[in-house]
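Shown next, in structure tokens, is the structure this report addresses.
It should be emphasised that the depicted structure is a prediction, and the values quoted were computed from it without experimental measurement. Chain letters run A, B, ... following the sequence lines, proteins first and then strands; every chain starts at 1.
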There are 2 protein chains.
Amino acid sequence: MAEFAIASGISRPTVSKYFNDPNSVRQSTRAQIEEALGRFDYQPNIYAVNQNRQMTKNIGIIVPYLADPFFAEMVRSIERRCIDAGFSPSLFSSHGEQVLENSILQSLRAMKPAGVLFAPLGRESDKSAIETFCSNVPTVLFDSNIEGMGEAFIGSDNHSFVSQTVDYLTRTGEAPAFLEMKHPANPNANKRRDAYLSVMKERQLEPHVLSIEGAGWGFEEIGRQGGLKILEEGRLPTNTILCSNDRLAIGFLAACFEKGIKVGRDDDCDMRVASHDDHPFSRFTCPSLTTAAHDYTSVSEYSVETLFRLIDSGGRLEKREEILFPAKLIMRESA
Amino acid sequence: MAEFAIASGISRPTVSKYFNDPNSVRQSTRAQIEEALGRFDYQPNIYAVNQNRQMTKNIGIIVPYLADPFFAEMVRSIERRCIDAGFSPSLFSSHGEQVLENSILQSLRAMKPAGVLFAPLGRESDKSAIETFCSNVPTVLFDSNIEGMGEAFIGSDNHSFVSQTVDYLTRTGEAPAFLEMKHPANPNANKRRDAYLSVMKERQLEPHVLSIEGAGWGFEEIGRQGGLKILEEGRLPTNTILCSNDRLAIGFLAACFEKGIKVGRDDDCDMRVASHDDHPFSRFTCPSLTTAAHDYTSVSEYSVETLFRLIDSGGRLEKREEILFPAKLIMRESA
DNA sequence: AGACAAACTTTACCCGTGTAAAAATACATA
DNA sequence: TATGTATTTTTACACGGGTAAAGTTTGTCT
């Protein structure tokens, strides 16, 4: 930087000031520096910069499973907002494994990020590791909540998701049975089942929960296997199935297809299937999937905004915030 | 670190040595440091560390489009291998945009990584920006090749993909027509079309290429729209369609379903559809998709190995290497 | 032109760690 | 126990830039 400062004819401290905020120097100085920048391709050493700054301009983003396009979409939106605000996002995926989640947490602490947007694994998470992390790094949880951890949680209102699908299905045909994994990884799944039970009770309908076996993050295959089993055993209490999430539904639809069961809302169909999430692929299932959509934009926007507010207020909020966005029903061909 | 050194009763330079390689200090010293590490939770400041090291332990990974589960899978495998080798992977997605790809390249240069694994956008890439980058940072290209850039390219052998699918389809029914995007983003697409033409010629069959409109990375929707148009116009030269890639095929299958066209290899089916990639979702289409599978493991393993070799040899290889892995035919229900 | 504030230059020290050189100590072997 | 080697300690400087203080220049306003 010293060399570059000489080359540009400006003193090093002023050049340093320029790189921290180009608007903090006089217009003519800025032009002079930028002219020199055109001649030499100098850029400050980020390691030296971050070592001296009290706080880096990095923001950590952790998602549980990047092979799920839902998270890929969230990430895209979040990264963009961080960059626009002058931060450098660093993306990490736990790939469904606690060990990885913990090691990400550790290396993220070493990065001293200004803040972290964190979608935890859920049931598989190491609560105490997360607690330690959150008390050291300004953290906003999203998508999947762990009570009391982080300064805020931004997610979707599972009750809104389920009540909309249940009401729609009930209005247009038989009341739905609820298909879910017996031991779901994601805490939203439990909230959705509870919401299903409560909504059915409110509407004075008899609930049916179909819990299928399977562990891990290969939801499609779990849904398919579980679906095949249910269909073979013929233990369907209704002709309408509401899946806990779209990936499960994708597998279930595959099972129906294999069994020659026609899914859809026409008279000649055997079964209706609906679900939750509006997964990027749910538009392309056969038939296309009726589902309750996340408000992707609001969740990502509000998560990032909350994190910025948290950073501005020094890493602590007055009290833990929890914001849930309602779903939007997407009616397609499957129900 | 000075404080921690005093607390552990070991001198600072030795502690520094320990953190660079725990085996480089005497066993008793190591034990003493690790005992102290249990009492205090000290970890070296990565920024100070990287500032002084001639080379960091970071490895950059760039993919063109993370919302495509194919890349998510690749990334998972690559990250794991990097971590196991003691490196810290940093993941970036260009999200299909040249501007983003260029800014990733720039911030990656500032990170002074030991090496970079780079799957470029392809047609949308800024060749000169990539050339500059590759001449400054040890880079291995994967998945999508740009002639002459980087020290090596590791990918899939498109000819192997196409010849296997064409031969299989021809052996079991009508010869296929080839469905592709008119202006594909990914260079593999062009290679596949050329391979289709050459294979058909070799087999003395008449080739039919169906080029559909559409730009960007929303392949499913492009395949669906293109499919609808083709089916409506009834301009199908054969009953067998070979799609350039699985995502296009997923959209095409949706179009067939919408049009009431039965896809599969049974006698009562109207059409056969096959494709290339073995996309993680192709198992769950209706019907399940017959496709030529990437050798995910080999590609990721060999990419990483090549990068390590490149790093060890100081950032240059004797000559640019190009390794292509053959496909494996996956026969499922669609053809 | 004079006065004042804003911006800049100069100088100097700081951050936390890598690393080299010389001296001191520990360990292993005969 | 003597000797040689492997480690460690001590001391010192380097890395590249943030930042504070004091003095100087520039620009603006009356």
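The residues A/Glu151 and A/Arg316 are annotated as salt-bridged, a charged nitrogen and a carboxylate oxygen being separated by less than 4.0 angstrom. Taking the charged nitrogens against the carboxylate oxygens, B/Glu34 and B/Arg39 have no contact shorter than 4.0 Å, which rules out a salt bridge.
Note on A/Val25: only backbone sugar-phosphate atoms sit closer than 4.0 angstrom, heavy atoms only; bases stay farther off. When heavy atoms are screened at a 4.0 angstrom cut-off, B/Tyr42 is found touching the sugar-phosphate backbone but no base atom. No engagement by A/Ser28 is indicated, since no non-hydrogen atom pair under 4.0 Å with the nucleic acid exists.
The two residues B/Leu108 and B/Pro113 have their closest heavy-atom pair at O-CD, 3.1 Å.
Per the geometry, CG belonging to A/Asp21 stands 12 Å off P belonging to D/dT19, to the nearest Å. The separation between B/Ile33 atom CD1 and D/dT7 atom P is 14 Å, rounded to whole Å. Distance CG (A/Asn50) to P (C/dT17): 14 Å, rounded to an integer number of Å. What separates CG of B/Asn20 from P of C/dG16 is a distance of 18 Å, to the nearest Å. Taking atom CZ of A/Phe19 as the reference point, atom P of D/dT19 lies 15 Å away to the nearest angstrom. If you measure from atom CG of A/Asn45 to atom C1' of C/dT17, you get 13 Å, rounded to the nearest angstrom. Atom pair B/Lys57:NZ and C/dG18:P shows a separation of 13 Å (rounding to whole Å applied). Atom-to-atom, CD1 of B/Ile46 to P of C/dT17 comes out at 11 Å; the value is rounded to the nearest Å.
Between B/Phe70 and B/His294, the distance from one ring center to the other falls under 6.0 angstrom. Taking the six-membered ring wherever Trp is involved, the centroid distance between the rings of B/Tyr302 and B/Phe142 does not fall below 6.0 Å.
The listed nucleotides are D/dT9, C/dA7, D/dT8; the one nearest the side chain of B/Ile10 is D/dT9. For B/Met1, the side-chain atoms get nearest to C/dT17 when compared with the rest of C/dA7, C/dT9, C/dT17.
The side chain of A/Ser16 places an N or O atom within less than 4.0 Å of a non-bridging phosphate oxygen (OP1 or OP2) of D/dG18. A sub-4.0 Å separation between OP1 or OP2 of C/dC8 and a side-chain N or O of A/Thr29 is present.
Each of A/Ala2 and B/Thr14 has a nearest nucleotide on DNA chain D; the 5'-most of these lies closest to B/Thr14.
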Pairs: protein N or O with nucleotides 11-15 of chain C N or O, under 3.5 Å:
unit_1	atom_1	unit_2	atom_2	d
C/dA12	N6	A/Arg12	NH2	3.3
C/dC15	O2	A/Asn52	OD1	2.1

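Shown are B/Ile61, B/Val299, B/Leu117; of these, the side chain to side chain contact (heavy atoms under 4.5 Å, CB included) with B/Met74 is made only by B/Val299.
In this pair, B/Phe19 and B/Tyr42 present their aromatic rings perpendicular. The plane angle is above 60°, beyond the 30 to 60° band.
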